[in-house]
Q: 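One structure follows; several queries about it will come next.
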Amino acid sequence: MIEPKWQRYWDVNKTFRCPELPDPNGAGKLYVLDMFPYPSGAGLHVGHPEGYTATDIYCRYWRMRGKSVLHPMGYDAFGLPAEEYAIRTNTPPRKSTEANIANFTRQLKMLGFSYDWDRVLATTDVEYFRWTQWIFLVLFDTWYDPETKKGRPISELPIPQEVQARGDDAVERYRDSQRLAYQDDALVNWCPALGTVLANEEVIDGRSERGDHPVQRIPLRQWMLRITAYADRLLGDLDSLDWPAGIKKLQADWIGRSSGAEVDFPVIDPASFAQWKQSRSASGFPRELKRPDGEEHVLRIYTTRPDTLYGATYMVIAPEHPLVKTITTPEQMRSVEAYCEAAAFKSDRDRTEGDKKKTGVFTGAYAINPVTGLPIPIWIADYVLISYGTGAIMAVPAHDTRDYEFAKTYGLSIVQVVRPDSATDEELNAIERGEVCFAGYGISIQSGSLTGLASQDAKTRIIAELTKYGLGREAVNYKLRDWLFSRQRFWGEPFPILHELDADGKPNGRIRAVSPSDLPVDLPHLEDFKPHGRPEPPLAKADDSWLYVTLDGKRYRRETNTMPQWAGSCWYYLRFISPRADGAFVDREQEAAWMPVDLYIGGAEHAVLHLLYARFWHKVLYDRGYVSHTEPFQKLVNQGMILSYAFRDQRGALISSDQVIEQEDGEVRHRETGEPLEKIVAKMSKSLKNVIDPEGVVQEYGADSLRLYEMFMGPLEATKPWSMQGVNGVRNFLDRVWRLIIDSRAEENLLVDSISDAPPTPDQNRVIHLTTQAVTRDIEALSFNTAIARLMEFVNFFTKETVRPRSAMETLVLLLSPLAPHLAEELWQALGHSESLAYHPWPAYDEALTKLSEIEVPLQINGKLRAKVVVPAGCAEADLEHAARNHDRLQELLGGKSIVKVIVVKDRMVNFVVK
RNA sequence: GCCAAAGUGGCGGAAUGGCAGACGCGCUGGACUCAAAAUCCAGUGCCCGCAAGGGCGUGUGGGUUCGACUCCCACCUUUGGUACCA
């Protein structure tokens with residue numbers, strides 16, 4: 001078994017240990033990162049080795065090219081599955097997590113990845129999350145200055161006069177409200193059965209994804225991170241990144257910047273509108289609306305289409321809007337209350353999923369359209385979300401599909417104010433009659449001073465007018481929300497936060513950060529961390545000795561929420577740089593030397609959450625001067641998903657693969673019914689019994705075969721199906737490489753007789769240089785499938801050669817070594833080397849030697865291939881044309897036709913255009 | 001609905017606008033063998049033809065070009081993602 005031998009060798013010799021700083025005499029630094037795995041009990045699946053092999057090849061290649069390579073691995077080990085498993089088996093999560101990590105490490109080493117194992121870390125290591133907590137304190141100690149567009153220390157926060165006047169307590173509260181980490185009452189998905197809040201993604205149709213338990217929306221005081229402050233920078237800096245365009249777009253859409261205007265609609269008697277307008281004209285547009293009081297109410301809306309303001313025929317506010325209670329008329333109160341109550345029960349997802357039938361209820365109240373002066377009805381509908389914009393909209397049914405649908409349902413009036421630039425009369429009539437909704441840009445009509453303007457110009461114009469009369473202003477909105485950062489779970493990082501208690505032992509609302517010198521705040525030992533059905537975190541059940549702290553004569557209770565799983569993965573790439581650093585989360589000098597990550601490979605499922613969260617933390621750390629770059633991951637590549645074959649019967653039902661018989665003619669039938677089945681490609685799943693276990697593949701075919709197959713399947717970024725026959729194919733190739741060099745009849749590794757010290761023949765030399773060139777280019781481009789194909793061609797060629805120069809075989813072994821390192825090391829040794837080839841210089845190639853002296857050039861007539869002519873390589877175009885014209889076959893075909901034009905491409909082709 | 005990626009032999013897939021199908025799987029034939037496996041050699045897009053050769057071929061329809069898998073337009077299909085964001 002040569003694989004364990006070399007794995008031991010690399011381990012014992014620490015072959016892939018990375019220096020603290022890049023070698024100043026080397027070819028530069030390279031930081032290559034894998035998305036570290038969640039160590040589940042199931043072990044590695046075939047998707048892990050795909051990305052990990054790709055990065056491993058890249059690293060091994062660049063080491064041979066002389067770069068200092070940082071290539072670490074770790075574990076993202078906090079999280080709900082571990083906790084659930086712990087509850088089921090009644091074992092502490094730390095114990096099962098450690099066992100899973102040990103298993104993952106064993107499996108990863110079995111695949112021969114060239115990680116620097118001295119740098120391994122887990123987010124659950126106390127010494128790791130000590131610094132996760134420390135970074136949280138940085139967030140807590142930072143406010144975002146919109147002037148400089150930077151995060152700054154909270155001590156530099158200017159305190160407004162009126163706050164200062166109200167005393168220290170008010171100042172403290174004001175500071176707390178401006179921090180990047182702050183507490184807020186948020187509506188959360190609370191699942192009593194699971195005893196935790198759930199992310200929106202974990203709730204389906206009002207029930208939990210796990211266990212199918214009911215989920216309620218309840219307000220809970222939660223920790224939030226002010227990621228919205230960084231929305232503009234997170235969006236703008238995407239430009240500088242070498243990421244797939246699709247992922248950038250996904251992030252941009254997630255941030256969801258839109259621009260438009262805010263407009264105020266007064267809820268008053270039409271008779272007093274003129275007076276209101278005049279007072280607004282004088283006072284200007286108020287920065288913030290006063291809390292609802294007295295007679296005069298104002299609805300502020302946000303719109304991206306202020307140019308359609310004249311077409312606003314009604315308004316809609318969210319059921320949670322603060323004005324619901326105050327403006328609803330007594331007659332409507334009952335139905336409004338019923339509607340709002342029903343809406344409260346639904347989650348955001350519920351409200352937006354399923355059938356999109358619009359529902360709503362009339363408040364009985366009217367607002368004045370500030371440009372037409374006409375009263376328009378105010379409705380409540382759950383298609384308006386309180387969490388976006390101002391929670392209220394102006395409805396323009398003629399030019400917004402949602403408003404249109406709503407208006408049609410409730411018989412509200414539709415007024416057209418935009419005419420399409422180009423449309424048939426029929427279409428124009430249909431819009432005019434309100435039979436269709438036109439949501440595009442065009443020319444404003446029936447819109448006062450805007451009439452005749454193109455939509456974009458109308459926007460600019462109306463915003464100017466609104467601003468002038470104090471009715472509105474230009475505004476920007478984001479879909480991105482602040483990040484709900486706390487969880488009611490045991491298995492996560494405790495917050496380094498203390499709540500001050502009053503004399504009765506109740507929190508008085510003042511909070512205090514744990515001093516950095518008192519970190520880490522370790523998890524307490526809990527006998528019972530099971531959910532109890534109340535939204536109190538499990539840590540509340542900790543011993544008093546953990547829970548209560550006395551500092552400076554004051555009593556405090558620890559924060560009992562824990563951080564979400566994302567926390568640890570937000571900065572692990574920094575810890576890898578100096579994993580044992582004691583005085584800081586990362587060593588400054590080393591950070592500056594290794595960052596940014598030059599290549600980051602992982603699945604596309606992290607396109608938004610992890611990659612956005614990590615960028616956010618990095619920018620805060622940058623603003624506070626702790627890291628030297630604005631972005632962490634310079635180049636990102638998403639590996640494609642590996643699928644597996646599955647079977648479907650005539651009704652379309654999926655059939656478990658152990659129920660299937662494949663016949664010799666390729667037909668597949670059901671084992672019991674004999675029914676013919678369709679072979680399809682599907683995600684691997686337990687129920688389909690089509691899961692491929694990488695460990696089993698290693699046992700049967702070897703790690704090099706698994707690595708090579710996963711790279712040979714197709715382009716790294718493509719989704720592709722697994723085929724065991726394909727694994728066998730690459731295994732055959734590796735065997736052929738072995739037999740090319742090693743005499744398999746002998747017991748020991750003796751070289752085959754045909755290997756000689758003779759120099760390569762010109763033909764052989766051409767193959768050597770051509771292959772070196774192609775493999776070099778392909779590995780650098782992460783095009784491993786074609787690199788392997790080129791090596792196969794090399795082997796096919798030399799298998800036929802009866803004299804195989806040693807130098808050619810050495811080149812082959814070196815070119816193969818990043819892809820199939822175990823076999824390559826063994827062959828390298830057999831070829832007489834005592835050192836590992838891991839740092840042996842990569843073979844060089846001479847482009848001149850890759851060229852043939854004579855080439856065959858295709859001859860076309862009217863673009864159709866008709867003949868070929870052999871000419872010296874690089875021969876002049878005139879000579880090439882001459883050779884083509886003199887070609888017998890071509891002359892025959894050209895006979896009697898007049899040549900209109902001849903296109904000659906040097907070394908490529910000649911095309912005769914004839915009539 | 002919207003967004004993204006992709007449609008090439010029996011299958012996975014190759015092809016800076018210039019010989020479509022590299023490489024692998026599968027299949028067919030041959031060598032070796034008592035036989036089988038393994039291995040090696042040859043062939044393998046489809047159609048017509050004994051052959052030489054010819055015709056047709058990269059989802060569909062159009063376009064640009066001397067020349068299109070590749071560029072442009074429209075459409076169809078598949079796979080991901082997303083969902084009332086005003």
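Just so you know, these numbers come straight off a predicted model, no measurement behind them. Residue numbers start from 1 in every chain, and the chains themselves are labelled A, B, ... in the order their sequence lines are given, proteins ahead of strands.
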Q: Take A:P715 and A:V913, find for each the nucleotide of RNA chain B with the closest heavy atom, and name the residue whose nucleotide sits nearer the 5' end.
A: A:P715
Q: Can you work out whether A:A392 or A:K720 has the more 5'-proximal nearest nucleotide on RNA chain B?
A: A:K720
Q: Between A:S258 and A:Y478, is any side-chain donor less than 3.5 angstrom from a side-chain acceptor?
A: no
Q: Among the nucleotides B:rA86, B:rU39, B:rG18, which one has an atom lying closest to any side-chain atom of A:Y388?
A: B:rA86
Q: Quiz question: by atom type and distance under 3.5 Å, do the side chains of A:Y441 and A:K459 form a donor-acceptor pair?
A: yes
Q: Can you tabulate the close N/O pairs, meaning under 3.5 Å, that link protein atoms to atoms of nucleotides 46-49 of chain B?
A:
none

Q: List the protein contact pattern of nucleotides 19-25 of chain B with one symbol per nucleotide (5' to 3'): B for base contact, S for sugar-phosphate-only contact, - for none; contact means a heavy-atom distance under 4.0 Å.
A: B--BBSS
Q: Just checking A:F406 against A:W379, ring centres under 6.0 Å apart?
A: yes
Q: Only pairs with both distances under 3.5 Å count, Watson-Crick or wobble alike; so what is the partner of B:rU44 in this structure?
A: B:rG26
Q: For nucleotides B:rU8 and B:rG13, find the distance between their C1' atoms and express it as a whole number of Å.
A: 9 Å
Q: Can you tell whether the side chains of A:R257 and A:D232 come within less than 4.0 Å, N to carboxylate O?
A: yes
Q: Can you tell me how far P in B:rG1 sits from the matching atom in B:rG54, rounded to whole Å?
A: 48 Å
Q: At less than 4.0 Å, is any side-chain N or O atom of A:T401 found next to OP1 or OP2 of B:rG1? Yes or no.
A: no
Q: Picking from B:rC84, B:rC41, B:rG54, which would you name as closest to the side chain of A:T799?
A: B:rC41
Q: From the list B:rC66, B:rA86, B:rC3, which nucleotide is the closest neighbour of the side chain of A:N911?
A: B:rC66
Q: Please confirm whether the backbone N or O of A:D403 pairs with a side-chain atom of A:Y314, one donor and one acceptor, at under 3.5 Å?
A: yes
Q: What's the closest nucleotide to the side chain of A:T304 if the choices are B:rA86, B:rC11, B:rC56?
A: B:rA86
Q: Does a side-chain N-to-carboxylate-O contact under 4.0 Å join A:E50 and A:K720?
A: yes
Q: Counting only Watson-Crick pairs (N1-N3 plus N6-O4 or O6-N4) and G-U wobbles (N1-O2, O6-N3), all under 3.5 Å, who is the partner of B:rA37?
A: none
Q: Please determine, for the side chain of A:D382, which listed nucleotide (B:rC41, B:rC84, B:rG54) has the closest atom?
A: B:rC84
Q: Nearest of B:rA86, B:rC3, B:rC84 to any side-chain atom of A:I393?
A: B:rA86
Q: From the set B:rC84, B:rG81, B:rC41, return the single nucleotide nearest to any side-chain atom of A:K683.
A: B:rG81
Q: With sequence neighbours left out, what residues match A:T850 under side chain to side chain contact (heavy atoms under 4.5 Å, CB included)?
A: A:H769, A:L770, A:Q773, A:E847
Q: Is it true that A:E877 and A:K906 have a side-chain N and a carboxylate O under 4.0 angstrom from each other?
A: no
